[in-house]
Number of protein chains: 2
Amino acid sequence: MKPTLQAVADAVGVSRSTVSNAYARPDQLSAALRERILETARQIGYPGPDPTARSLRRGFVGAVGVLFTSQLSYAFTDPFAVRFLAGVATAAERHRTSLLLVPLPDDVAGARRAVENAAVDGFCVYCAGHESWALDAICGRGLPFVTTAPSADAGPNDRYAGIDERAAAHAAAAHVAGLGHRRVALLGDTVLPDTPAGRLRLTAVADVPHPTTRGRLAGFADAFAEVGVAWPELTVLNASANNRAAGAAAVRAALAGPTPPTAVLACSDVLALGVLDALAEAGGPPVSVTGFDDIAEAAAAGLTTVRQPAEDKGRIAAQLLLDPPADPAAGHVLLPTELVVRASTGPVPRS
Amino acid sequence: MKPTLQAVADAVGVSRSTVSNAYARPDQLSAALRERILETARQIGYPGPDPTARSLRRGFVGAVGVLFTSQLSYAFTDPFAVRFLAGVATAAERHRTSLLLVPLPDDVAGARRAVENAAVDGFCVYCAGHESWALDAICGRGLPFVTTAPSADAGPNDRYAGIDERAAAHAAAAHVAGLGHRRVALLGDTVLPDTPAGRLRLTAVADVPHPTTRGRLAGFADAFAEVGVAWPELTVLNASANNRAAGAAAVRAALAGPTPPTAVLACSDVLALGVLDALAEAGGPPVSVTGFDDIAEAAAAGLTTVRQPAEDKGRIAAQLLLDPPADPAAGHVLLPTELVVRASTGPVPRS
DNA sequence: GATCCAGACTGAATCGATTTAGAGAGGTGT
DNA sequence: ACACCTCTCTAAATCGATTCAGTCTGGATC
């Protein structure tokens, strides 16, 4: 049985309070006694106040939870998520706060309980794609949180660090449209839930549940509408997951079809890289491809993409959580994005 | 003020115990009453038992700590560390256990307190390079832990998932020696603490404090000793950190010197990639380069390297922590490594 | 009809600390 | 010599749950 604070108190012959003060408030006792207490603690092997007991009494934990859209182990395979996390970690370091990565089971009930059982002071929600249950559960506990996009039922006090998805996507699409492309495919992951990979019949962008994907698709559509290509003329492709293989798989059938697109606009770089893989393996006339995020691999692959500041997003989100600005308006941060044109986009080939 | 379990008990007109049981032991009360309790809880907005209080009483937390050699934010920029983490996350998911990433301040005292204040059931220590204070602190709390290498003061009950560093490094060096290289440089990061980047005078490998680096340098040295190149004839280069730029910086002076090495053996892929950068920028005769880890970028760069299973390392380490094998011998896992020969190594050019 | 038992629920101790209000000792100013 | 501080340190309430050892009720058994 590990010694407790009580044991130290007994050994030194002082009260519990004094031992507690020796650790947490050195100014409350004489330096000599403090030293004696700490020395005795060392001798009997007391490792310092129990973190759990301390948290219970103090009412805060010193850790913030990080919630990911999908599997925790997946998050580490997504370059953008990793950079986001790096940013969060930077802010956490400054605040001497730990990060609790909470794995969420597949079922909503279990996931909800996981959120309810996390010992944290607040949550950093990587993606507002979480159906409202996550935010519900967090609010139910009265905990603060930040997201990476305005939430649907946004109170004026909620905070986020995100980008203007629609405008950013518009920039990429406008570039492609400017190159003359009119027969294009839009590629996203889990555009609609429980839908097979490949071409999707989507009446309206508004039907897409995931706000990020919805915003980007809307931005793509805006740009094409401006050049006279209406929504129904656009092909929407669904990938089963946000990774390279899924991107390749989703696009293959479309490329093999009778009227393949001359350009594919993807909602993320990893999907776009998958498209490049599929193109390389299929041969055929050149197809322009754009991605989103500008991860490291994008530069190497010559992928035209929309850059967003990944680390900043994480860092600022965590900062917003850890010391909330006095002015609620300052809780809504829009980060800059930039179209990065590389070799993967070019004019429509003459057929 | 959030409602407590007591409030629910009062509202329903039962005892605290019963409400507690409604959440944690459904078999201890009638289904009807349980439903009534849960419903009332919902009505008055009780979010379920407080995780902190529960942890205190139950004596366990449901989270394991992950400790990194250096800055937490750095860990996310190191591809190998990220893959390790992905493995840890996989095991954590299976056990429905959370991961607590604990940022460590620069000072040892502060770092020690950070370890002592972490609310976790055990620790996964990414690198035994942590001077013993970390393991001391963990043991002082009586918590279980696993490392990625046998620790110096290894009790028979400690657990680790690692590789045979020395043998693995030997393989790389033997390959380079077999190509005829005799004038070689060994490159590691923080080979000696508080030492500037560049060439290092190192009397014996045993002086290197970091066990991983020590093991790899020893393995390199073994292979060259076998072909008659003694330790003093080997150049040891020190990098200020484990990243690409530091690798490049560490090797520059040596390349510009009068008798540059014909091969550079690095203790990690990121350092080796830095060496390739420096070579590309310097021009000059070809220099063979080997790395260690086989991260994704290594393949793209054509880097000869020693592959080690990063995700497995993390996953197995976490498994060892989360459900310890009955047989203590099973707590020592050595993972396979493999020399991957690519274009970055070749015969010594005729001068 | 007495006994026994299973099921449903309660009481009270307990986990290990923090913190507020206040007690007692010793020193200062007038 | 008295009131008044300042310094140290203590007592006791408190944080919010879990759990062991019962108690009580109603039905089955012999």
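Chain letters run A, B, ... following the sequence lines, proteins first, then strands; residues in each count from 1.
In this entry the distance linking CG of N117(B) with C1' of dT18(C) reads 14 Å, nearest Å. Rounded to a whole Å, the CG atom of L56(A) is 14 Å from the P atom of dC15(C). When rounded to the nearest whole Å, the span between CZ of R58(B) and C1' of dT14(C) equals 15 Å. Residue R16(A) contributes atom CZ, which lies 11 Å from atom P of dC15(C) at whole-angstrom precision. Between K2(A) atom NZ and dA17(C) atom C1' the separation is 17 Å, expressed in whole Å. When rounded to the nearest whole Å, the span between CD of Q28(A) and P of dT20(C) equals 10 Å. Going from atom CZ of R54(A) over to atom P of dA17(D) covers 21 Å, rounded to whole Å. Rounded to whole Å, atom P of dT25(D) lies 19 Å from atom CG of L29(B).
Between the side chain of D121(B) and the main chain of V64(B), no donor-acceptor pair closer than 3.5 Å is present. S20(B) places no side-chain N or O within 3.5 Å of a backbone atom of R16(B) that could act as its donor or acceptor partner. Using modelled atom types, one side-chain atom of H210(A) and one backbone atom of T212(A) make a donor-acceptor pair closer than 3.5 Å.
Side-chain proximity of L33(A) to dC9(D), dT18(D), dA17(C): nearest is dC9(D). The nucleotide whose nearest atom lies closest to any side-chain atom of D50(B) is, among dG11(C), dA11(D), dG16(D), dG16(D). Which of dT10(D), dG16(C), dT18(C) sits closest to the side chain of A53(A) comes down to dG16(C).
Neither OP1 nor OP2 of dA17(D) sits under 4.0 Å from any side-chain N or O of T52(B). Under 4.0 angstrom from either OP1 or OP2 of dT18(C) there lies at least one side-chain N or O belonging to S20(A). Between dT19(D) and S17(B), no contact under 4.0 Å exists linking OP1 or OP2 to a side-chain N or O. One finds no side-chain N or O of Y23(B) lying less than 4.0 angstrom from the OP1 or OP2 phosphate oxygen of dT19(D). Taking 4.0 angstrom as the limit, R57(A) places none of its side-chain polar atoms (N or O) nearer than this to OP1 or OP2 of dT19(C).
Across all strands, R25(B) comes closer than 4.0 Å only to sugar-phosphate atoms, never to a base (heavy-atom distances). At the heavy-atom level, Y46(B) lies under 4.0 Å from the strands shown only through sugar-phosphate atoms. Using a 4.0 Å heavy-atom criterion, one finds that T4(B) contacts the sugar-phosphate atoms exclusively.
At a threshold of 4.0 Å, the pair E39(A)-R42(A) counts as salt-bridged, since one of the basic side-chain nitrogens sits closer than that to a carboxylate oxygen.
If you look at Y74(B) and F68(B), their ring centroids are not closer than 6.0 Å.
Remark: D107(A) CG is packed, more than 12 non-hydrogen atoms of other residues, nucleotides or ligands lying under 6.0 Å away.
Of the residues near DNA chain C, P3(A) and V19(B), the one whose nearest nucleotide (by heavy atom distance) lies more toward the 5' end is V19(B). Comparing T18(A) and N21(B) along DNA chain C, the residue whose closest nucleotide (by nearest heavy atom) sits nearer the 5' end is N21(B).
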